[in-house]
Amino acid sequence: MVSKTEETQLNRLENQVDNGGGGVWEYLCLVRKLNVRRSEKVLKHGLSILNDHKKRSALGHEEWTLYEQVAIAAMDCQCLDVAKDCIKVLQKKFPESKRVGRLEGMLLEAKGSWAEAEKVYSSLLEDNPLDQVVHKRKVAMAKAQGNISGAIEWLNKYLEIFMADHDAWRELAEIYVSLQMYKQAAFCYEELILSQSTVPLYHLAYADVLYTIGGLENLQTAKKYYASTIDLTGGKNTRALLGICLCTSAIAQLSKGRNKEDKESPELHTLAATALEKDYKQKAADKLGLLTSALKSLKI
Amino acid sequence: MVTELKYEISQNAYIKLVLHALKHKTTAVNGVLLGRVNPQKENVVEILDSVPLFHSNLALLPPLEIALIMVEEHYGSEGLGIVGYFHANERFDDAELGILAKNIGDHICRYFPQAALLLLDNRKLEALPKGKDQSPMMQLYIRDASKNWKLVGPDAGSRLLIKEPAANIVLSDYIASEKWQDVVDFDDHLDDIKKDWLNPEFLK
């Protein structure tokens, strides 16, 4: 999960590197730190260092980290020969290493040799049942083979042990959403909000899920979470502002005939609409007309 | 005798959707098809444009609702409506039309009963650079009389046509030059409203 500032910084660096402006190692470190998936770039630029003897030795002991990073990127790009070479180097340097063992498992995965990869991972888990990366590889394998229920089962088991792994909760939530199992997805986001209450992404996702489930109570709660997202993002989140408008409209439709007034925050949707219009006027003026019509059709 | 429904997709609409899928290789993506019934030939639906929608959390309602409202508003003023839906599955091996696509398709059918569902054909796309295939890299699904989505058989090539016969050559060129980097979808717009989901300069 990456913030807008982090993404801008990353893209700026990537651009610089792509255009030969240097900063390759800095870029590769940032990719690692942010845990983003830019495999083609990592492969290309990582190899440019690894294939150059001088640049490689300049890295000192970080050389091995780079071999690992490039191996994984190569596997993601299906450049299995490159991956194999990198892993060989690491095997030579660190024989008997569990970390390299994981890479061997991943290479088998990349080849589609699921059963053999499974064997490697099981044996690694026997030696260290608390190896989080290996547990997650098993989930990834299930997903890759289209065994979504297996992935869910394994991920739930994983979370029973490692309940503080936020990425895992998010992954589970997104799998549930993809299967339209919204109530289960909501539960995951509830866990995330409980443990990290100031991360706006979780509030937003929770609101989106509640709105999707529908029903008056869920819509009212969704509206609250869109509001808290706006709070946590200083009013800059377009999705949350639009969410407020959608909720207001849907709630009004469901409350038709009842005298239930939205006592909570009657001006909230007007504020949201105004903020949106101001934003569009400034940054997307050609779409302002569309926004205004959209808001009108929502009866805002 | 009832003449069979045929769908004709414009090169731009077609290429935009495929490139969108290629931009986001690791997730499912979707998009909507814009067009109209051919004024001279009632059994031909013209797909004149497409809007790439999302590359994450496709099954969440709020972004989809907003997107459909804005898309309909824009194209309505040009005399076009939503005539179908495009979906590309997350996994290469997954050639199944999922429930989400069917649900969205059903929704579109309420306003346009002849709506089409297009599913990206990964294997065909993989073989693209090697062959001289002029048919679209997509599978066509239409609703039958019992409102079930049915794959239009191996002769789909005759019921889903790309208007411009050289479209796949153009597509191959764009893939080679990595043109898919420039595709903007509705997700991108919601993250940064300066990005234009209409992709106005994209294939000019």
Side-chain angles (χ1 to χ4, degrees), chain A residues 4 7-8 37 39-40 76-77 112 143-146 148 173-182 185 204-205 207-214 222 226 237-247 249-250 276 279-280 282-298, chain B residues 22-30 51 54-78 87 89-96 98-104 126 178 180-181 184 186-198 200:
Chain A
K4 212 162 195 173
E7 193 181 7
T8 319
R37 194 173 181 175
S39 302
E40 279 143 352
D76 208 12
C77 296
K143 241 184 134 181
Q145 294 174 81
I148 302 297
E174 290 185 4
I175 294 178
Y176 280 136
V177 167
S178 74
L179 294 172
Q180 301 185 269
M181 294 167 70
Y182 301 115
L204 179 63
D208 277 342
V209 170
L210 287 178
Y211 181 94
T212 307
I213 300 176
Y226 284 126
N237 193 302
T238 309
R239 292 171 189 265
L241 292 166
L242 287 166
I244 296 279
C245 299
L246 283 172
C247 284
S249 173
L276 282 165
D279 227 11
Y280 268 77
Q282 215 176 37
K283 301 188 208 153
D286 61 327
K287 297 275 181 310
L288 179 58
L290 286 183
L291 172 74
T292 318
S293 314
L295 293 174
K296 219 184 277 176
S297 73
L298 290 174
Chain B
L22 288 172
K23 184 176 182 183
H24 302 282
K25 291 193 184 84
T26 60
T27 64
V29 303
N30 62 4
V51 174
F54 304 109
H55 56 268
S56 67
N57 291 311
L58 274 59
L60 288 179
L61 219 41
L64 181 61
E65 281 187 16
I66 292 288
L68 292 179
I69 294 175
M70 293 212 193
V71 167
E72 273 171 337
E73 185 67 41
H74 173 84
Y75 285 95
S77 62
E78 293 181 4
H87 193 99
N89 286 328
E90 185 178 56
R91 286 183 309 114
F92 179 82
D93 296 324
D94 187 357
E96 217 187 276
I99 300 188
L100 175 66
K102 291 180 186 167
N103 285 343
I104 298 181
E126 190 188 37
E178 299 192 355
W180 33 261
Q181 300 208 33
V184 172
F186 212 83
D187 247 339
D188 298 328
H189 175 76
L190 289 176
D191 289 338
D192 177 0
I193 58 174
K194 294 196 283 289
K195 300 207 171 136
D196 192 348
W197 46 267
L198 281 171

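Naming convention: chains lettered A, B, ... in sequence-line order (proteins, then strands); numbering from 1 in each chain.
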CD/Glu78(B): more than 12 non-hydrogen atoms of other groups inside 6.0 Å:
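More than 12 within 6.0 Å, yes.
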Part of [X] lying under 4.5 Å from any heavy atom of chain B:
X: Ala207(A); result: neither
X: Gln145(A); result: backbone
X: Glu40(A); result: side chain
X: Tyr280(A); result: both

Atom group of [X] that falls short of 4.5 Å from chain A, counting heavy atoms:
X: Asn103(B); result: side chain
X: Asn89(B); result: neither
X: Glu90(B); result: side chain
X: Glu65(B); result: side chain
X: Lys25(B); result: side chain
X: Pro63(B); result: side chain

Check for a donor-acceptor pair, side chain of Lys4(A) on one end and backbone N or O of Asp191(B) on the other, with a separation under 3.5 Å.
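Looks like yes, one N/O pair under 3.5 Å.
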Any donor-acceptor pair under 3.5 Å linking the side chain of Thr212(A) with the backbone of Leu60(B)?
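Absent.
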Evaluate the side-chain proximity of [Y] to [X]: yes if any heavy-atom separation is below 4.5 Å, no if none is.
X: Asp196(B); Y: Lys287(A); answer: yes
X: Leu291(A); Y: Ile193(B); answer: no
X: Arg239(A); Y: Asp187(B); answer: yes
X: Ile69(B); Y: Leu298(A); answer: yes

Between Leu190(B) and Leu242(A), is a side-chain contact (heavy atoms from CB on, under 4.5 Å) present by the stated rule, with each step listed?
CA-CA 10 Å; Leu190(B) 289 176; Leu242(A) 287 166; 3.6 Å; yes
Rounded to the nearest 0.5 Å, how far apart are CG of Leu58(B) and CD of Gln180(A)?
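The distance works out to 10.0 Å.
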CG-CG distance between Leu198(B) and Leu290(A), expressed to the nearest 0.5 angstrom:
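Answer rounded to 0.5 Å: 7.5 Å.
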Just give me the residue among Arg91(B), Lys194(B), Met70(B) that pairs up with chain A most often, heavy atom to heavy atom, under 4.5 Å.
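Winner by heavy-atom pair count: Arg91(B).
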Identify which of Ser178(A), Gly146(A), Ala294(A) forms the greatest number of heavy-atom pairs closer than 4.5 Å to chain B.
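If we count pairs closer than 4.5 Å to chain B, Gly146(A) comes out on top.
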Chain B interface, residue from Asp279(A), Asp208(A), Val209(A) that has the most non-hydrogen pairs under 4.5 Å
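The answer is Asp208(A).
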So, for Tyr226(A) and Pro62(B), which heavy atoms are closest and what is the spacing to 0.1 Å?
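Looking at all heavy atoms of both residues, the shortest contact is OH-CG, 3.2 Å.
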